[in-house]
Amino acid sequence: MDYPILASPQGLAAEEFVFGLVEFEKARIRITTEGVDEQIQKITLLHEVFHIILDNFGIDTGENEEFVVDSLARGMYQILEDNPELFEN
């Protein structure tokens, strides 16, 4: 399933500022862009992608999902930043 990535100029949740979210029912990812550093936007995208992966594979992390997803996103971002040649031909 394709998940288009939509830039949202403002926070995504009324009750708190949210950098990104997956709308599973609409199969799309929304990322806050206005006033958000590019590095945070990239980490947020990875964070949301990991939510999709867990959901697609039926991986239940219980109450720890946000911690697990955030740790994976930050770790993956650091690996990609430190090793840009990984995906070069």
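This one's a predicted model, so the numbers in the text were calculated from it and none came from an experiment.
Using a 4.5 Å cut-off on side-chain heavy atoms (C-beta onward), E48 and Y3 make no contact. Side-chain contact check for F19 versus I43: every heavy-atom pair is 4.5 Å or farther apart. Using a 4.5 Å cut-off on side-chain heavy atoms (C-beta onward), V18 and T32 make no contact. Using a 4.5 Å heavy-atom threshold, the side chains of D55 and H51 count as separate. Counting heavy atoms from C-beta on, the side chains of E66 and H47 come closer than 4.5 Å.
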Evaluate side chain to side chain contact (heavy atoms under 4.5 Å, CB included) for F50 paired with V68, printing each intermediate quantity in order. CA-CA 9 Å; F50 282 119; V68 169; over 6 Å; no
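Taking hydrophobic clusters as Ile, Leu, Val, Met, Phe, Trp and Tyr residues chained together by side-chain heavy-atom distances below 4.5 Å, L46 does not share a cluster with L6.
The line from CZ of R28 to CD1 of I5 is 13.0 Å long, rounded to the nearest 0.5 Å. In this structure, OG1 on T61 lies 11.0 Å from CZ on F67, to the nearest 0.5 angstrom. Rounded to the nearest 0.5 angstrom, I52 CD1 and F57 CZ are separated by 12.0 Å. The distance from atom CD1 of I31 to atom CD1 of I40, rounded to the nearest 0.5 Å, is 11.5 Å.
Scanning both residues, A27 and P4, for their nearest heavy atoms gives O-CD, 3.0 Å. Nearest heavy atom pair, residue G62 against residue D60, reads N-OD1, 2.8 Å.
Side chain of E23 to main chain of I29: no donor-acceptor pair is present (N/O by atom type, distance under 3.5 Å, no hydrogens or angles). Side chain of S8 to main chain of T33: no donor-acceptor pair is present (N/O by atom type, distance under 3.5 Å, no hydrogens or angles). Between the side chain of N83 and the main chain of I79, a donor-acceptor pair closer than 3.5 Å is present.
More than 12 heavy atoms of other residues, nucleotides or ligands shown are found within 6.0 angstrom of CD on E85.
Applying the side chain to side chain donor-acceptor pair (under 3.5 Å) rule to K42 yields the partners E38; only residues at least two apart in sequence or on another chain are considered.
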